[in-house]
2 protein chains.
Amino acid sequence: MKRIADSTVRRLSMYLRYLEDLDTRGQQTASSDELAHLCGTTPAQVRKDLSFFGSFGKRGLGYPVHELTAHLREILGLQREWKVIIVGAGKIGAALANYRGFRQRGFTVVGVYDHDPAKVGKAWGDATIRSMDTLAQDIQREEAPIAVLAIPAENAQAVVDQIVAAGIRAILNFAPTQISVPPHVSLKSVNMAMELEGLSFALTNAGLLDQGAA
Amino acid sequence: MKRIADSTVRRLSMYLRYLEDLDTRGQQTASSDELAHLCGTTPAQVRKDLSFFGSFGKRGLGYPVHELTAHLREILGLQREWKVIIVGAGKIGAALANYRGFRQRGFTVVGVYDHDPAKVGKAWGDATIRSMDTLAQDIQREEAPIAVLAIPAENAQAVVDQIVAAGIRAILNFAPTQISVPPHVSLKSVNMAMELEGLSFALTNAGLLDQGAA
DNA sequence: AGGTGTGAATTATTTCACAGCG
DNA sequence: CGCTGTGAAATAATTCACACCT
């Protein structure tokens with residue numbers, strides 16, 4: 001089977017979001033054209049993306065909304081619950097721990113960790129902040145495969161090494177630094193300063209950029 | 001002049017971060033090889049990226065760290081201060097308003113807005129939360145070119161239309177929805193649920209992805 | 001008619017490889 | 001030498017265009 005590009009997966013995720021909307025509203029079918037408009041892409045792109053995984057559409061009609069929603073959930077692995085731990089109980093950690101979008105999509109926060117002794121033990125939303133000392137054993141006991149990193153850049157790689165050793169399988173990194181993981185661990189990084197700098201560049205060199213959208 | 005790809009700009013931003021580190025430590029020069037290692041890319045990529053903007057390196061030696069840092073800051077438009085407003089005083093807005101990374105890079109938060117009357121008037125870090133009613137006139141008065149959107153998906157497009165009409169020039173969107181802007185406005189979106197779904201896909205279809213890194 | 005599925009063409013991005021300078 | 005700068009080659013991603021189904 002062909003390898004799937006990261007950009008394709010992001011679009012699948014977006015298709016899913018809008019298909020769920022349409023499904024809720026009771027719409028039966030959606031054409032690649034309609035989906036493309038909703039998601040800000042092109043009909044050809046929609047069809048190509050979906051065709052990597054099967055033939056879900058009906059010619060002359062479009063895609064069956066409810067069915068395709070289910071297919072996409074399965075493709076993205078969202079039929080199950082994913083246990084997530086959050087490392088770092090600062091402002092960003094707080095925002096993420098309470099982010100409804102996570103729970104809605106089947107991501108359950110099973111633990112929040114901080115190395116600051118003053119924070120450990122404090123109740124925090126549903127969870128209690130735990131010490132980093134128990135992080136490794138918790139990952140193994142809870143079998144949480146995903147970690148969200150919301151800590152300063154300095155300690156990021158050290159913490160990553162620690163949780164990788166403990167068996168984590170995927171990391172969503174908010175620390176503004178390059179981190180490296182062994183090939184069996186998936187990594188995605190979100191860097192807010194970098195995004196703002198991208199806007200700064202766009203404003204400074206108007207017209208030099210590839211496009212103004214994202 | 002050639003158009004610059006978004007991926008290139010992100011890498012420039014990363015080069016800058018590490019060059020600043022090296023500069024602080026007093027390192028005089030850095031080779032494309034060293035920079036590539038730090039940033040998780042390839043030497044050829046580093047040289048190509050930089051070559052779009054000039055010939056900054058010395059053959060046989062590498063790039064002068066301090067000088068290149070200054071060049072990159074200029075290229076990215078970071079020699080000046082950028083005024084930023086934050087729309088949405090929820091958890092995410094709070095995290096962003098206090099994010100040191102913004103200030104460090106010359107982005108100053110000049111206002112935080114929320115449409116919830118219960119929140120308006122409350123002091124919040126340096127700023128006081130203001131009403132959305134004054135948003136448009138404030139954008140014009142303060143001449144803030146950048147808005148960070150940290151509001152629910154539902155109202156996102158309406159708020160965008162409002163601030164675009166008020167003259168905003170760039171938007172960093174955290175609302176989990178597709179928004180559209182006229183071509184003269186730059187837009188970047190960060191969607192945390194989408195990132196997690198990308199990890200879910202990677203975990204579910206191990207080996208099907210293009211690569212495990214980001 | 002209307003809209004999918006897909007090979008082929010196009011365009012974008014990355015990597016190679018090497019001439020040439022310090 | 002060592003390392004940059006850069007055309008040329010390779011690879012990847014997107015768009016086209018049309019055969020084909022319902």
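Here is how names work: the chains are called A, B, and so on, in the same order as the sequence lines, proteins then strands, and each is numbered from 1.
Between B/Arg11 and C/dT14, a side-chain N or O to OP1/OP2 separation shorter than 4.0 Å is present. At least one side-chain nitrogen or oxygen of B/Gln45 sits closer than 4.0 Å to the OP1 or OP2 atom of C/dT15. In this model, the phosphate group of C/dG2 is not approached by any side-chain N or O of A/Tyr63 to a distance below 4.0 Å at OP1 or OP2. OP1 and OP2 of D/dC3 both lie 4.0 Å or more from every side-chain N or O belonging to B/Ser32. For the OP1/OP2 pair of C/dT14 and a distance below 4.0 Å, the side-chain nitrogens and oxygens of B/Ser7 include at least one atom meeting the criterion. Between A/Thr42 and D/dT15 there is a side-chain polar atom (N or O) within less than 4.0 angstrom of OP1 or OP2.
Taking CE of B/Met14 as the start and CD of A/Gln178 as the end, the distance is 5.5 Å to the nearest 0.5 Å. Taking CG of B/Leu135 as the start and CD of B/Glu142 as the end, the distance is 11.0 Å to the nearest 0.5 Å. Summarising the geometry, atom CD1 belonging to A/Ile75 is positioned 11.5 Å from atom OG belonging to B/Ser200; distances are rounded to the nearest 0.5 Å.
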Which protein N or O atoms sit under 3.5 Å from an N or O of nucleotides 18-22 of chain C?
| from | atom 1 | to | atom 2 | distance (Å) |
| --- | --- | --- | --- | --- |
| C/dG20 | N3 | B/Arg59 | NH1 | 3.4 |

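A/Arg105 and A/Glu81 are not joined by a salt bridge, as no carboxylate oxygen comes within less than 4.0 angstrom of a charged side-chain nitrogen. Note on A/Glu195 versus B/Arg10: salt bridge recorded, some NZ/NE/NH1/NH2 to OD/OE distance being below 4.0 Å.
With hydrogens and angles disregarded, no donor-acceptor distance shorter than 3.5 Å links the side chain of B/Asn155 to the backbone of B/Ala158.
Counting to the nearest Å, the C1' atom of C/dT13 and the CG atom of A/Asp6 are 15 Å from each other. Between A/Leu50 atom CG and C/dT4 atom P the separation is 10 Å, expressed in whole Å. Look at CZ on B/Phe52: it is 17 Å from P on D/dT4, rounded to the nearest Å. For the pair B/Phe53 CZ and D/dT6 C1', the interatomic distance rounds to 16 Å; values are reported in whole Å. The CG-P distance, from A/Asp49 to C/dT6, rounds to 13 Å in whole Å. Put simply, CG on A/Leu68 is 16 Å from P on C/dG3, counting in whole angstrom units.
Between B/Phe56 and B/His71, the two ring planes are tilted [angle within 30° to 60°].
Secondary structure note: stems in DNA chain C built from 3 or more consecutive Watson-Crick or G-U wobble pairs under 3.5 Å occupy C:1-22 with D:1-22.
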Next on the checklist: Set out, in order, the CA-CA distance, both residues' side-chain angles and the distance that settles side chain to side chain contact (heavy atoms under 4.5 Å, CB included) for A/Val160 and A/Ile171, then state yes or no.
Outcome noted: CA-CA 8 Å; A/Val160 165; A/Ile171 297 172; 3.9 Å; yes

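Residue B/Asp33 is the one, among B/Asp33 and A/Lys48, whose nearest nucleotide of DNA chain D lies closer to the 5' end (criterion: closest heavy atom).
Counting only heavy atoms from C-beta outward, the side chains of B/Val65 and B/Leu68 never approach each other to under 4.5 Å.
The side chain of A/Ala5 lies closest to D/dA13 when the candidates are C/dT4, D/dA13, D/dC16.
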